Novice: 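Here it is: the structure, laid out below.
Every value quoted in this text rests on a predicted model; they were computed, and no experiment measured them. All chains are named by letter (A, B, ...) in the order of the sequence lines, taking the proteins before the strands, and each is independently numbered beginning at 1. Atoms considered below: every heavy atom in the structure, side chains included; atoms not considered: hydrogens, waters and symmetry mates.
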Amino acid sequence: MRYLPHTDADVREMLAVVGQPDLGALFDSIPAQFRLTRPLDVPQAASEYEIQAELEALAAQNEHAGARAWFLGAGVHHHYVPSAVDALISRAEFYTSYTPYQPEISQGTLQAIFEWQTMLCGLTGLEVSNASLYDGASATAEAVLMALRVAKRRKVAISGALHPHYRGVLETYLAALDFELVTLPRGADGRTLASEIDGDTACVLVQQPNFFGCIEDLPVLAAAAHEHGALLIASVAEALSLALLAAPGSSGADLVCGEAQSFGVPMGFGGPHLGFLTSRMSHVRQLPGRLVGETLDADGQRGYVLTLSTREQHIRRERATSNICTNQGLCLMMATIFLALHGKTGLRALAERNLAKAEYAKARLRAAGLALPFAAPTFNEFVVQLREPAERALARARAQGVVAGLALTKFAPELGDALLVCVTETASRAQIDRLATLLAGERA
Amino acid sequence: MRYLPHTDADVREMLAVVGQPDLGALFDSIPAQFRLTRPLDVPQAASEYEIQAELEALAAQNEHAGARAWFLGAGVHHHYVPSAVDALISRAEFYTSYTPYQPEISQGTLQAIFEWQTMLCGLTGLEVSNASLYDGASATAEAVLMALRVAKRRKVAISGALHPHYRGVLETYLAALDFELVTLPRGADGRTLASEIDGDTACVLVQQPNFFGCIEDLPVLAAAAHEHGALLIASVAEALSLALLAAPGSSGADLVCGEAQSFGVPMGFGGPHLGFLTSRMSHVRQLPGRLVGETLDADGQRGYVLTLSTREQHIRRERATSNICTNQGLCLMMATIFLALHGKTGLRALAERNLAKAEYAKARLRAAGLALPFAAPTFNEFVVQLREPAERALARARAQGVVAGLALTKFAPELGDALLVCVTETASRAQIDRLATLLAGERA
Amino acid sequence: MSGNATRGFSYEEDLLFERSRAGRCGVDLPRNDVPEVDARALLGALARDEIAGLPELSEVDVVRHFTRLSTWNAAVDLGLYPLGSCTMKYNPKINERVARLPGFAHAHPLSPAEETQGLLALFFELERWLAEISGMERVTLQPAAGAQGELAGIMMIRAYHAQRGEPRSRVLVPDSAHGTNPASAALNGYQVVTVPSGDDGILHPKAVAEAMSDDVAGLMITNPNTLGIFETHLAEICDVVHARGGLVYGDGANLNALVGVARPGDLGIDVMHFNLHKTFSTPHGGGGPGAGPVGVKAALAPYLPTPVVERASDGSYRWQHELPHSIGRLHGHHGNVGMLVRAHAFIRALGPDGLKRATELAVLNANYLLARLRGAFHVPYANPVLHECVLTDRTLAGTGVSTLDVAKRLIDHGYHPPTVYFPLIVNGALMIEPTESESREGLDRFADALLAIAVEAHQDPETVRSAPHSTRRRRLDETRAARKPVLRWQPGGA
Amino acid sequence: MSGNATRGFSYEEDLLFERSRAGRCGVDLPRNDVPEVDARALLGALARDEIAGLPELSEVDVVRHFTRLSTWNAAVDLGLYPLGSCTMKYNPKINERVARLPGFAHAHPLSPAEETQGLLALFFELERWLAEISGMERVTLQPAAGAQGELAGIMMIRAYHAQRGEPRSRVLVPDSAHGTNPASAALNGYQVVTVPSGDDGILHPKAVAEAMSDDVAGLMITNPNTLGIFETHLAEICDVVHARGGLVYGDGANLNALVGVARPGDLGIDVMHFNLHKTFSTPHGGGGPGAGPVGVKAALAPYLPTPVVERASDGSYRWQHELPHSIGRLHGHHGNVGMLVRAHAFIRALGPDGLKRATELAVLNANYLLARLRGAFHVPYANPVLHECVLTDRTLAGTGVSTLDVAKRLIDHGYHPPTVYFPLIVNGALMIEPTESESREGLDRFADALLAIAVEAHQDPETVRSAPHSTRRRRLDETRAARKPVLRWQPGGA
Ligand SMILES: Cc1ncc(COP(=O)(O)O)c(C=O)c1O
Ligand SMILES: Cc1ncc(COP(=O)(O)O)c(C=O)c1O
């Protein structure tokens, strides 16, 4: 077997050193009645060639953004990833290493995390970032748990325009705990209304832009939350918006969490992605996840280490701020490289391009006679109302090679036959024109 | 522009240091009338995204072995390349480095070349291998030039079953020189006949297996050559055959040259591939191309350097053994990794699998009533005679997703409607059955 | 040194921000084919100013930066990486290739099932295989790592008790457990009760029985435990827990000791997680991503997270969202899918015989190292070990050299250190897990290095205590980092 | 040190053969679905015995072996690699991605043109672009590297004279030329006549006129020449050659100094090669592969190698094999196609303005380094330089430190040395070509390192003379290697 270096002679000689007659004897501590006496019922071993052929066949059965005009987002976004990202994360030193517990032999990973933390602070307008959480949904749940610890109250006010999957995960995470969850209603313009907040409220959680693509007015929500001593949590599912919209931290958010998949991580059927969480320095002891800090070595030279680990499970055990251990390190590396490549001007330009494409699409859809139900400004995603069952329109578009968006029928039935449409820099004008034609129901 | 680090401020400050007013002034040594005053007429700059889209569109227009049943060989062979090969040659230290002129900072490349030289000696049965030539065709031409230098005679006897492209390149290389070229006829069994050799003959050049897939009887040809004091050159276009057939060097060949693409180098529309040339140590001073040798460092530790460079153009100039400078280094790296992965037993097994698949195909084609004109044994390639115009059969097969082989109409019209069919480990039994059905002209 | 490492140099490299120069950019956008939009005009105060904290670099700057950074890391592809409990086995290259196939890498989780049948089929198969390997009934692939798997498992246990109308408030966790175990239980609102291991390093039915009550939802157990020792009394312990209505959670981090040899499900485990990034060869990525599928016995199947994949009678696959008793959704989408693809490829590569052989060799390797190192280092427990072994620095007492020093000195020999000071029940633990990927002669070189350090500790302790000496950075001051945390770069230092 | 390199270590790694253990294998074959064949029975004496010289290793052994080897190399992605004449510019990552597209990487050269239109279109475009950049009429993409391009070019010159019924026997080559020039001419059966450069490092019409005769087929010239100096008299020199019926071959290795600024064709060059691995950013691969397309003026077009790509009136592309005067085929197939794809991507990435800007910055960088280093090192010629500069060790006379020592000492600073002792007409030459990829501050660090070495040469010459000190291997004994060549590993040494 190609992955196993042992020759029969090796095994024999090693057994002799160990003092065992055969390999089976190594397992004598396992009571005989529990020893498996039959081969596992999994397929026989395959060569690389066969594995590749099989998986290519399975891969070929999935629609993907490389081969379609793509307008489906809803928390997972199709952006172009420069080739340097994959080339660099394919360095074995990055992807075949472990969590940087031993800093002297892990400075590469550590410095990159420190750089990520710095950039994410700049983007979110806060002072400290952790070294990733699983995904946007669990990062949002962790943010709420953190807010509950910080505020020591038991009411959580959640925007009704939060991504339904984020809400689902949050409910799962909170199920065992003693808390009360209230939903903030959506205004006619698509934005969250700052009602239901009171002195019991630990935190107000809004998505920015929200699930329907609308840009929330964070200062208003922050004022409402802070008035009652609650924390404002901004959950960002499209991290690219951070390059264009006022930094949530500067708009009053106390915690910013979310999903940074847009920064160079492939959609990958939903994962692995990149959860993040930033806060003010004053709350750092309640932050979940790893942190990298700067220090000096024995010669007085600058270096980086994992730090403040007394928050973490391997030190604090049941009193830790979270149970997370393995995180999304390599996705963080992708995002760090993506951000370094784009930089200050490139990321802004990319975000502006997304805005321009989406605005063009909105104009085209309006011109095609379709209604856009929400008046609030949007970034690269918005809702459009159809004149026919959403599934029918989607199927027609798909038949023409266009993945037109997400039917909201299941998620927001009150909107009728509506689609959530995401338009990124990858959509050409011609594709957008085609989308408008297809959704208008005219012949393509 | 993403590849250019200079900011405007950098340029200004650097010009000041240099003492020039502007970038244009740097080119004042170029007479004004020769300065280009218009922009180059090439397309405007494109982003990565656009380049990828454009080239994906061009790539999609080419038939390729990943998406067809593939029986086309003729010197370029479809073999599976283990993923480790590309992963390793994608290490920037290998592919973004230069020729290892400075050994202290190039030991990685040097050691790998030394390992290649060792393995190629073992495979070809000779004592010294160079560090690659451009491709099998030019390696064959270089081998003949070397033989002419060694033998100091002017007649070259070439097998009529040499790959026609190799013959073409050889004729191009020899065109300027004073020599005589004779062609050795092909026997009825498909093998080369040892006639036309005399005391003026510098070398006898045969391909092994020959262009028609037939395995030559090298000892017989060697005896004939050596009897007249001529060198025997074996040119190997399918290097995998070296794992199964008697080593040419052990069968009397004095020089073994050819193409090692089969060792892990993609077909790539014909290049870059991997020319090689091995000889006896006694002729090493006449060998073209780079050589790596073992030595010691200042501490007495083993290391590797380029050596015997007095054969080469950068030292010997017009008296060099060849003009080659840049060679096929990274392809050599692929082949070295491929050979290391397969190793002694894996390479042999792979070659035996090729043999078994080809034998099965021969049996199926015979059973389908088609004639195999040559009786000589073959490795993974053979000639089959059709009962219809070859182009028609090929087109029919292609329409069914089968690339059935090479029409010999142009290369060996005397064979009538014949195909050269190559069957490697990548062909499944079902695909071979399908090939037989399609070529037999029955309905697929 | 051991013949594994020798003289060399490192490249220096500043932070991205220090390398930044205004005006550089490492990307160019495509030509714009739609009207420009003035973001300020459109969004007003909703738009932001300049993005503080982002650098400006060309593509070549960025490539060099991260290439240089990479050279400061140890890696499995560079050598033995014997972190105990982490199963740093070889990450096959074919896994990386197939995970990048466009039909996997660029698929969208909200594409309908009909358009993603290949992925659903892969999920379905992988679930079956993991169930078979573990002796479980069903498996969810959603959890993103082992700890999230634990969370999911404990949630299911909670839901199970709730459904039976008898919510409970405690979870038992052995003192040798990994920190995620108590943390996961606590995150679920459970009170954690620590159960002491016996003098032989394993758990005894008596200790469990003493802690067990009708208020205990279950026990979390790692088997083999974090000492690498098989929990010989596990069946009896499970009986104790089950008898009082509790359930047993299996931490599958050490499954590499059992695949093909014994199945946690057969041993009495009711629910367990798999670390695909350990047992099933997906890379650790410098900290993640991993994947932590959870297998359950039939009794817990109703509580699985949604959605789950089902095969219809026509052979097609679909998502089942309607599980009335489900704990709900754990991940924003379907989990760390790229890791599932890799694990699928790994199981296919090994097959039934290869999986078992890998287990046997992993165990052989650990036992071989133990045999070679015994004496030079203290072996705290006499029990036979499986895939990893724990040693201590007690043999170095009096030299002033501790486990940490030995670990750092190994770096000079070109080795990543083992896990240190874990499990907590062992003083000065060195926890070594070689995995099946290591050849015999590779183990010998590593053992030679450790033996040389043991000698050196007696002869020249100061050299060991001040190690590493050959790295770009010497020993780093972790206390300083924690005392006045600097967690991001700021212009001018601050 | 310069802040570029610091302390570190290297991994050791034996030869593959020394790591080999009988019974290991790094691949598994697919299940066999056809009858086994007994090779011995079928082939008899035609079959071979065991393959001596091949090792036996597992996949992980092989991956670690080559990963470790790689860490012993310098590389463009790790830093400045200022080899003069080699144009070690950044190799964009998108080039690597597109070259691996299956429709390129797994296409077959004998597939019919109708089935490979995408590749033919790419050839056609690239040919047009290179012709436009160089001012040539047609381009062949077949030559596999610059030297094979030279060979092709000289062959065309030969065919041209032959066709006119006046074969000639000599080729003029300046003394500053690269070794491939005289070698290529000689390989074509020409007698090489060396033309001396003037005291100003460039070629003078008078020297050429003296060597020129009716028996001279042509002149090979590099412009800018290997000193980085523009051949100011080139037009006049071309006139001299043309007047006697000769042709002028341009060695395009230094085209990086001219793209978008001046065109060799406009300067009087009749035929030239391009090194795509220099000017057009394809990677050097540790020695190759490169690609050496050749451009010709109309008069030489009939002699181009076959086949050539043509566009039919319907827009489709086809191979033209029938060129009655062609020199024939130069490559087994269509040349190093993967490099053509990369070069295509590079030209697309830069466009007309970017190509020119790259040239300007390459020249700026060389001039900047020259300005910073002048004084500490001797500048042999006063003429302005373009993309590279040549310095010498004359300023170090008396210290015992030579160019070679300076080069080796640079390694300790983390830099690959420049080209040394070339061109041959300069004593102790250090030939530095930074390319446009280097930032200003990167150049400053490099200049600082060289200046530090110049100081060190006076203060502590022994340290310089015994450099490098920080590499896994110290200075290697090249004489020993050549005296008793060991060119392969053999069991037991020998
Ligand atoms: C014994 C044990 N349990 C649980 C975990 C947690 O798994 P993960 O890191 O995948 O969350 C680990 C891994 O670090 C472990 O070693
Ligand atoms: C001036 C000059 N001419 C010719 C060549 C030969 O080119 P290649 O190495 O591509 O064969 C080189 C490159 O080494 C060179 O520098």
Novice: Measure L23(A) against the heavy atoms of chain C and call it side chain, backbone, both or neither at under 4.5 Å.
Specialist: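 When you check distances to chain C, only side chain atoms of L23(A) fall under 4.5 Å.
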Novice: Does any non-hydrogen side-chain atom of R473(C) lie less than 4.5 Å from one of Q301(A)?
Specialist: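 Side chain of Q301(A) against side chain of R473(C), heavy atoms only: contact under 4.5 Å found.
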Novice: Using atom types as modelled and distance alone, determine if a side-chain donor or acceptor of E359(A) lies under 3.5 Å from a backbone N or O of L355(A).
Specialist: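 Not at all, since once roles are kept as given, no pair shorter than 3.5 Å links the two residues.
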Novice: Salt bridge between D297(A) and R472(C), side-chain N to carboxylate O under 4.0 Å?
Specialist: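 Result for this pair is no, no salt bridge flagged.
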Novice: Please identify, among P102(C), A186(C), G189(C), S439(C), the residue contributing the most non-hydrogen atom pairs under 4.5 Å to chain A.
Specialist: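 Top option by heavy-atom pairs under 4.5 Å: P102(C).
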Novice: For Y81(C), is it the side chain, the backbone, both or neither that has a heavy atom under 4.5 Å from a heavy atom of chain A?
Specialist: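 Just the side chain, heavy atoms under 4.5 Å.
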Novice: Using non-hydrogen atoms and a 4.5 Å limit, figure out which bit of P468(C) sits close to chain A: side chain, backbone, both or neither.
Specialist: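 Contact with chain A is through the side chain of P468(C) alone.
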Novice: Please flag which part of L119(C) lies under 4.5 Å from any non-hydrogen atom of chain A: side chain, backbone, both or neither.
Specialist: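 It is both, since atoms from each part get that close.
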Novice: Taking side chain as everything from C-beta outward and backbone as N, CA, C, O, which of these in C325(A) sits under 4.5 Å from a heavy atom of chain C? Side chain, backbone, both or neither.
Specialist: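 Both parts, backbone and side chain.
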Novice: Judged by atom type as modelled, is there a donor-acceptor pair below 3.5 Å linking the side chain of H284(C) to the main-chain atoms of G286(C)?
Specialist: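 Not at all, since once roles are kept as given, no pair shorter than 3.5 Å links the two residues.
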Novice: Taking side chain as everything from C-beta outward and backbone as N, CA, C, O, which of these in Y190(C) sits under 4.5 Å from a heavy atom of chain A? Side chain, backbone, both or neither.
Specialist: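 For Y190(C), neither part sits under 4.5 Å from chain A.
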Novice: Against chain A, label L386(C) side chain, backbone, both or neither, depending on which of its atoms sit under 4.5 Å from a heavy atom there.
Specialist: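 The side chain, not the backbone.
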Novice: With sequence neighbours left out, write down each residue that passes salt bridge (Lys or Arg N to Asp or Glu O under 4.0 Å) with R348(C), or none if nothing qualifies.
Specialist: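 For R348(C) the salt bridge (Lys or Arg N to Asp or Glu O under 4.0 Å) partners, ignoring immediate neighbours, are E54(A).
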Novice: Below 4.5 Å, heavy-atom pairs only: which of K356(C), R24(C), E150(C), H277(C) has the largest tally toward chain A?
Specialist: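 Of the candidates given, the most pairs with chain A belong to H277(C).
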Novice: A side-chain contact here means heavy atoms from C-beta on lying under 4.5 Å apart; do L36(A) and D266(C) qualify?
Specialist: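 Yes, side chains in contact.
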Novice: For V403(A), is it the side chain, the backbone, both or neither that has a heavy atom under 4.5 Å from a heavy atom of chain C?
Specialist: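 For V403(A), no heavy atom lies under 4.5 Å from chain C.
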Novice: So which part of V98(C) gets closer than 4.5 Å to some heavy atom of chain A, the side chain, the backbone, both or neither?
Specialist: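 Contact with chain A is through the side chain of V98(C) alone.
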Novice: Sort L406(A) into side chain, backbone, both or neither according to what part of it lies under 4.5 angstrom from a heavy atom of chain C.
Specialist: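 Only the side chain of L406(A) comes within 4.5 Å of chain C.
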Novice: Counting only heavy atoms closer than 4.5 Å, note whether M119(A) contacts chain C via side chain, backbone, both or neither.
Specialist: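 The answer is both parts of M119(A).
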Novice: Counting only N and O atoms by type, is there a donor-acceptor contact under 3.5 Å from the side chain of E115(A) to the main-chain atoms of L16(C)?
Specialist: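 Indeed, once roles are kept as given, a pair shorter than 3.5 Å links the two residues.
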Novice: Checking A185(C) against chain A: side chain, backbone, both or neither under 4.5 Å from a heavy atom?
Specialist: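 Neither part; nothing is under 4.5 Å.
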Novice: What residue in S111(C), P384(C), G328(C), A235(C) has the most heavy-atom pairs under 4.5 Å with chain A?
Specialist: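 Maximum pair count with chain A is reached by S111(C).
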Novice: Sort I411(C) into side chain, backbone, both or neither according to what part of it lies under 4.5 angstrom from a heavy atom of chain A.
Specialist: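 The answer is the side chain of I411(C).
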Novice: Determine the option with the most heavy-atom pairs under 4.5 angstrom with chain C, choosing from H163(A), H314(A), R429(A), E104(A).
Specialist: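 Ranked by contacts with chain C, first place is E104(A).
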Novice: Taking G146(C), S281(C), G260(C) one by one, which has the highest count of heavy-atom pairs under 4.5 Å against chain A?
Specialist: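 The residue among G146(C), S281(C), G260(C) with the greatest pair count is G260(C).
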Novice: Given a strict heavy-atom distance threshold of 4.5 Å, which part of R91(A) is in contact with chain C: side chain, backbone, both, or neither?
Specialist: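 The side chain, not the backbone.
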Novice: Sub-3.5 Å donor-acceptor pair from the side chain of N73(C) to the main-chain atoms of A75(C), do we have one?
Specialist: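 No, N73(C) side chain to A75(C) backbone: no donor-acceptor pair under 3.5 Å.
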Novice: Using a strict cut-off of less than 4.0 Å between a Lys/Arg side-chain nitrogen and an Asp/Glu carboxylate oxygen, indicate whether K357(A) and D33(C) qualify as a salt bridge.
Specialist: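 Yes, this pair counts.
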Novice: Name the region of L101(C), side chain, backbone, both or neither, that has any atom closer than 4.5 Å to a heavy atom of chain A.
Specialist: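 It is the side chain, since no backbone atom gets that close.
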Novice: Heavy-atom pairs under 4.5 Å with chain C: which of G293(A), S250(A), G19(A) has the most?
Specialist: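 Of the candidates given, the most pairs with chain C belong to G293(A).
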Novice: Sort A46(A) into side chain, backbone, both or neither according to what part of it lies under 4.5 angstrom from a heavy atom of chain C.
Specialist: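 When you check distances to chain C, atoms from both the backbone and side chain of A46(A) fall under 4.5 Å.
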Novice: Could you tell me which portion of I315(A) (side chain, backbone, both or neither) has an atom closer than 4.5 angstrom to a non-hydrogen atom of chain C?
Specialist: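 Contact with chain C is absent: no heavy atom of I315(A) under 4.5 Å.
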Novice: Can you check whether E50(C) reaches R348(A) side chain to side chain, under 4.5 Å on heavy atoms?
Specialist: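 No - every pair of side-chain heavy atoms lies 4.5 Å or more apart.
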Novice: Against E115(C), only a single residue in E63(A), Q61(A), H64(A) fulfils side chain to side chain contact (heavy atoms under 4.5 Å, CB included); can you say which?
Specialist: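 With E115(C) as partner, side chain to side chain contact (heavy atoms under 4.5 Å, CB included) holds for just one option, E63(A).
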Novice: Is a side-chain N or O of S70(C) found less than 3.5 angstrom from the main chain of T67(C), in a donor-acceptor match?
Specialist: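 Yes, S70(C) side chain to T67(C) backbone: donor-acceptor pair under 3.5 Å.
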Novice: What residue, out of A481(C), P55(C), G287(C), has the most heavy-atom pairs lying under 4.5 Å from chain A?
Specialist: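 Winner by heavy-atom pair count: G287(C).
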Novice: Could you tell me whether R480(C) and D477(C) make a salt bridge, using a distance below 4.0 angstrom between a side-chain N and a carboxylate O?
Specialist: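 Here R480(C) does not pair with D477(C) in a salt bridge, since their nearest N and O are not under 4.0 Å apart.
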Novice: Which atoms of E96(C) are under 4.5 Å from chain A, going by heavy atoms: the side chain, the backbone, both sets, or neither?
Specialist: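 The side chain, not the backbone.
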Novice: Which bit of D41(A) comes within less than 4.5 Å of chain C, counting heavy atoms only: side chain, backbone, both or neither?
Specialist: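 For D41(A), the contact with chain C is made by backbone and side chain together.
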Novice: Given side chains that start at C-beta, do those of T326(A) and Q148(C) come closer than 4.5 Å, heavy atoms only?
Specialist: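 A side-chain contact is absent here, since even the closest heavy-atom pair is not under 4.5 Å.
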Novice: Tell me, for E259(A) versus chain C, whether the close heavy atoms (under 4.5 Å) come from the side chain, the backbone, both or neither.
Specialist: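 Contact with chain C is absent: no heavy atom of E259(A) under 4.5 Å.
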Novice: Heavy-atom cut-off 4.5 Å, strictly under: side chain, backbone, both or neither for R316(A) against chain C?
Specialist: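 Looking at R316(A), nothing touches chain C.
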Novice: Strictly distance-based, threshold 3.5 Å: is any side-chain N or O of H273(A) a donor or acceptor partner for the main-chain N or O of M267(A)?
Specialist: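 Indeed, once roles are kept as given, a pair shorter than 3.5 Å links the two residues.
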Novice: Heavy-atom distances under 4.5 Å only: say whether N365(C) touches chain A with side chain, backbone, both or neither.
Specialist: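 The answer is both parts of N365(C).
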Novice: Tell me, side chain or backbone of R158(C) under 4.5 Å from chain A's heavy atoms, or both, or neither?
Specialist: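 Answer is side chain: those atoms of R158(C) sit under 4.5 Å from chain A.
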Novice: Between chain A and each of G338(C), P283(C), G351(C), A349(C), count heavy-atom pairs under 4.5 Å; write down the option with the most.
Specialist: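 The candidate making the most pairs under 4.5 Å is A349(C).
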Novice: Less than 4.5 Å apart, any side-chain heavy atom of L83(C) and any of H416(C)?
Specialist: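 Of all side-chain heavy-atom pairs linking H416(C) with L83(C), at least one is under 4.5 Å.
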Novice: Would you mind checking which part of T307(A) comes under 4.5 Å of any heavy atom in chain C, side chain (CB onward), backbone (N, CA, C, O), both or neither?
Specialist: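 For T307(A), side-chain heavy atoms alone lie under 4.5 Å from chain C.
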Novice: Identify which part of L88(A) has an atom lying under 4.5 Å from any heavy atom of chain C, answering side chain, backbone, both or neither.
Specialist: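 For L88(A), the side chain is the part near chain C, not the backbone.
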Novice: Excluding sequence neighbours, so at least two apart, what forms salt bridge (Lys or Arg N to Asp or Glu O under 4.0 Å) with E13(A)?
Specialist: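 Salt bridge (Lys or Arg N to Asp or Glu O under 4.0 Å) list for E13(A), sorted by chain: R440(C).
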Novice: Under 4.5 Å, counting heavy-atom pairs only, tell me which of I324(A), D10(A), I337(A) racks up the most with chain C.
Specialist: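 Maximum pair count with chain C is reached by I337(A).
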Novice: Using a 3.5 Å distance criterion without hydrogens, assess whether the side chain of H342(A) forms a donor-acceptor pair with backbone atoms of G346(A).
Specialist: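 Between the backbone of G346(A) and the side chain of H342(A) there is no qualifying donor-acceptor contact (under 3.5 Å).
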Novice: Is it the side chain or the backbone of V11(A) that comes within 4.5 Å of chain C heavy atoms, both, or neither?
Specialist: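 Interface part for V11(A): both.
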